[in-house]
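A quick write-up on the structure given underneath.
Given the structure is predicted, the values throughout are model-derived calculations rather than measurements.
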Amino acid sequence: MLDSVRNELRGTLEEIRAAGLHKPERVIGTPQSATVAVTSGGNPGEVLNFCANNYLGLADHPEVVAAAHEALDRWGYGLASVRFICGTQEVHKELEQRISGFLGQEDTILYSSCFDANGGVFETLLGPDDAVISDALNHASIIDGIRLCKARRYRYANRDLADLERQLKEATAGGTGRTLIVTDGVFSMDGYVAPLREICDLADQYGAMVMVDDSHAVGFVGPGGRGTPELHGVMDRVDIITGTLGKALGGASGGYVAARAEIVALLRQRSRPYLFSNSLAPVIAAASLKVLDLLESAGDLRERLRANTALFRSRMAAEGFDILPGDHAIAPVMIGDAAEAARMAELLLERGVYVIGFSYPVVPQGQARIRVQLSAAHSTEDVNRAVDAFIGARAALGG
């Protein structure tokens, strides 16, 4: 590398640190759980974990771990291939069928991650004569996926139905091919839920399709944990659902597109992240099947998560913290200043609570926050300890 390039990169990194935007990576020496052991990054030791997407506490569930062990013996470690060559096993087809049934869709296709799933949809389905209309706060994977396609692009303000209709009118004025509305089911930095029923109504009015990334909902949102389409009663009106196996569904990795049969069939033929990426590891597929078994009787876990979320949100509000409204397990505590958010996260770690401060470019400038994520694995005592730690950290900051 040229010295001039190296120096430029060092300068950029120093600017990131000076602005309080540096994102250190702490290392944990235990399985993902309600309590983890931090082994590096300062203040090592056993701490309460309030920053994982382990919503139902299944990441270290003994039945999931046992299913993974059994799968290693039966299916091996990996396929060393892509799906259409020699990388499809029975366990992959079974998982696709189970996800389809769980989400009420006709078919499902597995990907290495939901980032890949979102990266493979738009280019495959949309061409220059088509239009895609995206919520302004959609996940980065949706934004990047849209960049890969040649469709006309429109953006509407977060959950703003009037603005969505304006974009639909503009997109369809004078005629268009396919029109696709795409939204997160739950917006990961805010915990806000998309108004899917109203979005589907507008889609019907203007002849558009609807796509939902439901990564932060499937497993625990809705009466049966089937996500935001179930919550809003529109499971039969959403055309495409993307999601992950790496959050509530066991916390490993892998993603999927569950959709109309023709959409999935075309993705198998032309979706580049699917065609050119190794198959999902069979151990993950088999463990995910066990997770789906557990979800059928996971009402108690969902109820515990709801109770933990309500307790944390109510206590934090009563203590005067600026916490974004809602009832989702993502509970953002707004700080504003990036450096202060990072410092509060450090103080919380000193008090035995592991959380992360989020700042630009993950969230807009001036809207730094600590995103607390509740889990069914947390006890009532854990939640109360977390709130008490926030109170102590705020006092240490002079608040």
Side-chain angles (χ1 to χ4, degrees), residues 53 78-79 81-85 87-88 92 95-96 99-100 103 105 107-128 130-156 177-189 194 208-218 227-228 238-247 249 251-281 284-285 288 361-362:
N53 299 311
L79 274 300
S81 183
V82 298
R83 288 285 296 271
F84 81 95
I85 299 177
T88 299
H92 295 104
L95 179 57
E96 288 171 338
I99 292 174
S100 300
L103 297 180
Q105 290 290 340
D107 202 357
T108 294
I109 177 173
L110 296 173
Y111 287 81
S112 299
S113 68
C114 188
F115 206 109
D116 273 352
N118 285 334
V121 168
F122 303 99
E123 184 181 23
T124 303
L125 296 181
L126 303 176
D130 303 321
V132 57
I133 307 174
S134 177
D135 190 289
L137 294 188
N138 276 340
H139 191 267
S141 59
I142 292 176
I143 296 169
D144 285 358
I146 289 172
R147 287 171 176 164
L148 295 173
C149 78
K150 296 180 180 179
R152 291 177 286 120
R153 306 166 191 173
Y154 301 84
R155 186 174 69 170
Y156 65 97
R178 301 166 185 159
T179 300
L180 176 64
I181 302 168
V182 56
T183 180
D184 282 1
V186 175
F187 296 91
S188 61
M189 287 299 114
M209 298 183 293
V210 175
M211 170 179 165
V212 178
D213 179 338
D214 226 19
S215 293
H216 286 277
V218 170
T228 55
V238 173
D239 300 285
I240 304 169
I241 299 172
T242 64
T244 181
L245 305 172
K247 293 182 172 46
L249 303 188
S253 62
Y256 56 84
V257 177
R260 312 301 186 195
E262 296 81 2
I263 291 173
V264 171
L266 187 59
L267 291 173
R268 292 192 193 280
Q269 301 304 311
R270 293 186 177 175
S271 180
R272 291 168 70 85
Y274 178 79
L275 292 172
F276 296 100
S277 294
N278 259 21
S279 304
L280 184 71
I284 296 175
S288 297
V362 181

- List in chain and number order the residues that pass ring-ring contact (aromatic ring centres under 6.0 Å, His included) with Tyr111, two or more places apart in sequence or in another chain; answer none if no residue qualifies. Tyr274
- Query: With Ala217, which residues qualify under side-chain contact (heavy atoms from CB on, under 4.5 Å), at least two apart?
  - Reply: Val186, Asp214, Val221, Thr228
- Sequence neighbours excluded, the answer for side-chain hydrogen bond (donor to acceptor under 3.5 Å, both in side chains) partners of Thr179 is none
- Task: Sequence neighbours left out, what pairs pass side-chain hydrogen bond (donor to acceptor under 3.5 Å, both in side chains) with at least one residue falling in residues 251-260?
- Result: Asp239-Arg260
- Minimal heavy-atom distance between Gly119 and Pro273, with the atoms involved, is C-CG, 4.0 Å
- Task: Go through Ser100 and Thr108 one step at a time and tell me if the side-chain hydrogen bond (donor to acceptor under 3.5 Å, both in side chains) criterion holds.
- Result: CA-CA 6 Å; Ser100 300; Thr108 294; 2.7 Å; yes
- Message: Before you tell me yes or no, could you show the steps for Leu103 and Val218 under side chain to side chain contact (heavy atoms under 4.5 Å, CB included), namely the whole-Å CA-CA distance, both residues' side-chain angles and the distance that decides it to 0.1 Å?
- Response: CA-CA 9 Å; Leu103 297 180; Val218 170; 4.1 Å; yes
- Item | Check: Ile241 and Val257 side chains under 4.5 Å, non-hydrogen atoms | no
- Quick one: list whatever passes side-chain contact (heavy atoms from CB on, under 4.5 Å) with Ile85, sequence neighbours left out. Ser81, Val82
- Message: Looking at every non-hydrogen atom in both residues, tell me the closest pair between Gly120 and Ser271 and how far apart they are.
- Response: O-OG, 3.1 Å
- Message: Set out, in order, the CA-CA distance, both residues' side-chain angles and the distance that settles side chain to side chain contact (heavy atoms under 4.5 Å, CB included) for Cys114 and Asp213, then state yes or no.
- Response: CA-CA 9 Å; Cys114 188; Asp213 179 338; 3.8 Å; yes
- Message: To check you understand the geometry: which heavy-atom pair defines the closest contact between Ser279 and Gly87, and what is its length?
- Response: OG-O, 2.5 Å
- Sequence neighbours excluded, which residues qualify as salt bridge (Lys or Arg N to Asp or Glu O under 4.0 Å) partners of Glu96? Arg83, Lys93, Arg268
- Message: Can a donor-acceptor pair be found, under 3.5 Å and without considering hydrogens, that links the side chain of His92 to the backbone of Leu280?
- Response: yes
- Query: Got Leu266 and Thr124 here, is their nearest side-chain heavy-atom distance under 4.5 Å?
  - Reply: yes
- Does Arg270 have any salt bridge (Lys or Arg N to Asp or Glu O under 4.0 Å) partners at least two apart in sequence or in another chain, and if so, which? none
- Task: Could you list the residues that satisfy side-chain hydrogen bond (donor to acceptor under 3.5 Å, both in side chains) with Asn53, not counting sequence neighbours?
- Result: Gln373
- Item | Step-by-step side chain to side chain contact (heavy atoms under 4.5 Å, CB included) determination, Thr242 to Met211 | CA-CA 8 Å; Thr242 64; Met211 170 179 165; 3.7 Å; yes
- If you look only at pairs with a residue in residues 109-121, which of them pass as a salt bridge (charged side-chain N to carboxylate O under 4.0 Å, His left out), with sequence neighbours excluded? none
- Query: Which heavy-atom pair separates Ser188 from His216 by the least distance, and what is that distance?
  - Reply: CB-NE2, 3.3 Å
- Task: For the residue pair Phe84 and Gln269, establish whether any side-chain heavy-atom pair is separated by less than 4.5 Å.
- Result: no
- Query: Does Leu180 reach the side chain of Asp130, with side-chain heavy atoms less than 4.5 Å apart?
  - Reply: no
- Under 4.5 Å between any side-chain heavy atoms of Leu125 and Ile263, yes or no? yes
Determine all donor-acceptor pairs shorter than 3.5 Å in which one atom belongs to a side chain in residues 132-142; sequence neighbours excluded.
residue, atom, partner, partner atom, Å
Ser134, OG, Asn138, ND2, 2.7
Asp135, OD1, Leu137, N, 2.9
Asp135, OD1, Asn158, ND2, 2.9
Asp135, OD2, Asn158, ND2, 3.4
Asp135, OD2, Arg159, N, 2.9
Asn138, OD1, Asp184, N, 2.8
Asn138, ND2, Asp135, O, 3.4
Asn138, ND2, Val182, O, 3.0
His139, ND1, Ser141, N, 3.0
His139, ND1, Ser141, OG, 2.8
Ser141, OG, Asn118, ND2, 2.9

- Task: Could you tell me the separation between the CG atom of Leu95 and the OG atom of Ser288, rounded to the nearest 0.5 Å?
- Result: 5.5 Å
Donor-acceptor pairs under 3.5 angstrom involving side-chain atoms of residues 144-153: please list them, not counting sequence neighbours.
residue, atom, partner, partner atom, Å
Asp144, OD1, Arg147, NH1, 3.0
Arg152, NH1, Tyr154, OH, 2.7
Arg152, NH1, Ala171, O, 3.4
Arg152, NH2, Thr176, OG1, 2.7
Arg153, NH2, Arg147, O, 3.1
Arg153, NH2, Cys149, O, 3.1

- Item | Whether Thr244 side chain and Gly246 backbone form a donor-acceptor pair below 3.5 Å | yes
- Rounded to the nearest 0.5 Å, how far apart are CD1 of Ile240 and CD1 of Ile181? 11.5 Å
